[in-house]
Q: 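Quick one: the structure is below, questions incoming.
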Amino acid sequence: QAQLVESGGGLVQAGGSLRLSCAASGRTFSSYTMGWFRQAPGREREFVAAISFSGGTTHYADSVKGRFAISRDNAKNTVYLQMYSLKSEDTAVYYCAAELYGSTRTPPSEYDYWGQGTLVTVSS
C-alpha cells in the first residue's frame with residue numbers, strides 16, 4: 001500500500017511561483033501513474049496534471065497548460081508540480097494521487113491512493 005505526502009504549499013503573490021512535492025512510500029513507485037488534483041472552497045475536486053509511470057507522457061488541464069509542469073524522480077519516489085505565473089484562481093488544496101499502471105487521463109475516481117493535500121493560497 002502506497003502512502004503519499006505532499007509538501008511545498010504556502011502563500012504566494014499573484015504572478016509568483018511555487019513547487020509542490022509528493023513523496024511516496026513503497027518500492028513500486030515507478031509502476032504508478034501520478035496525478036495532481038486541486039479543490040477550491042465550495043468547488044469540486046478537479047484535475048490539474050498527470051504523468052505516466054515512465055515519465056514519458058504528461059497531461060494538463062487547460063487552465064494550467066503552459067504555466068504548470070509536472071515531473072517525477074523515480075529514484076526519489078517523488079513527483080513534483082512546478083507552478084509559475086500563479087493566479088488567485090489557483091488557490092486550492094492540492095492533492096497528489098497514484099494509480100497503478102494508469103493512464104494520464106484517468107478520472108479521479110479510479111486513482112488508488114491519495115495524499116492529505118497541501119494548501120496553496122495566491123494573493124492578488
Q: Give the cluster check for I70 versus L86: same hydrophobic cluster or not, with ILVMFWY residues linked at side-chain heavy-atom distances below 4.5 Å.
A: yes
Q: For the residue pair Y84 / R67, report whether a side-chain donor-acceptor contact shorter than 3.5 Å exists.
A: no
Q: For K87 and D90: C-alpha separation, side-chain torsions, deciding distance, then whether salt bridge (Lys or Arg N to Asp or Glu O under 4.0 Å) applies.
A: CA-CA 5 Å; K87 306 174 182 180; D90 294 319; over 6 Å; no
Q: Is the shortest side-chain heavy-atom distance between E6 and L20 below 4.5 Å?
A: no
Q: If you apply the rule side chain to side chain contact (heavy atoms under 4.5 Å, CB included), what do you find for T106 with T33, and how did you get there?
A: CA-CA 9 Å; T106 296; T33 288; 5.8 Å; no
Q: Which pair of heavy atoms, one from S85 and one from S17, lies closest together, and at what distance?
A: N-OG, 4.4 Å
Q: To check you understand the geometry: which heavy-atom pair defines the closest contact between N77 and S25, and what is its length?
A: ND2-C, 4.3 Å
Q: Grouping I, L, V, M, F, W and Y whenever their side-chain heavy atoms are under 4.5 Å apart, do V93 and W114 come out in a common cluster?
A: yes
Q: Less than 4.5 Å apart, side chain to side chain, heavy atoms only: is that true for S63 and R38?
A: yes
Q: Is any side-chain heavy atom of I51 less than 4.5 Å from a side-chain heavy atom of V79?
A: yes
Q: Taking atom CD as the centre, does Q3 end up with more than 12 heavy-atom neighbours from other residues, nucleotides or ligands that are less than 6.0 angstrom away?
A: no
Q: Would you say L100 and F29 are hydrophobically clustered, going by side-chain heavy atoms of ILVMFWY under 4.5 Å?
A: yes
Q: Which heavy atom in A24 sits nearest to a heavy atom in L4, and how many Å separate them?
A: CB-CD2, 3.5 Å
Q: Identify whether V120 and Y95 are in the same connected component of the hydrophobic contact network (ILVMFWY, side-chain heavy atoms under 4.5 Å).
A: no
Q: What ring-ring contact (aromatic ring centres under 6.0 Å, His included) pairs are there with at least one residue in residues 52-80, not counting sequence neighbours?
A: F47-H59, F53-Y101
Q: Tell me the closest heavy-atom pair linking D112 and E99, and the distance in Å.
A: OD2-CA, 3.4 Å
Q: What closest approach, in Å, do T104 and S52 show between heavy atoms, and which atom pair accounts for it?
A: CG2-N, 3.5 Å
Q: With ring pair (Phe, Tyr, Trp, His ring centres under 6.0 Å) as the test, pick out the partner of Y111 among F37, W36, Y32.
A: F37
Q: Of all heavy-atom pairs between A14 and S124, which one has the smallest distance, and what is that distance?
A: CB-CA, 4.2 Å
Q: Just wondering, are more than 12 heavy atoms of other shown residues or ligands nearer than 6.0 Å to CD in Q13?
A: no
Q: Under 4.5 Å between any side-chain heavy atoms of N74 and R72, yes or no?
A: yes
Q: Under a 4.5 Å cut-off applied to non-hydrogen side-chain atoms, are Y94 and C22 in contact?
A: no
Q: Is a side-chain donor or acceptor of T121 paired with a backbone partner of T91 at a separation under 3.5 angstrom?
A: no
Q: Could you tell me if the side chain of V64 sits less than 4.5 Å from the side chain of M83, heavy atoms only?
A: no
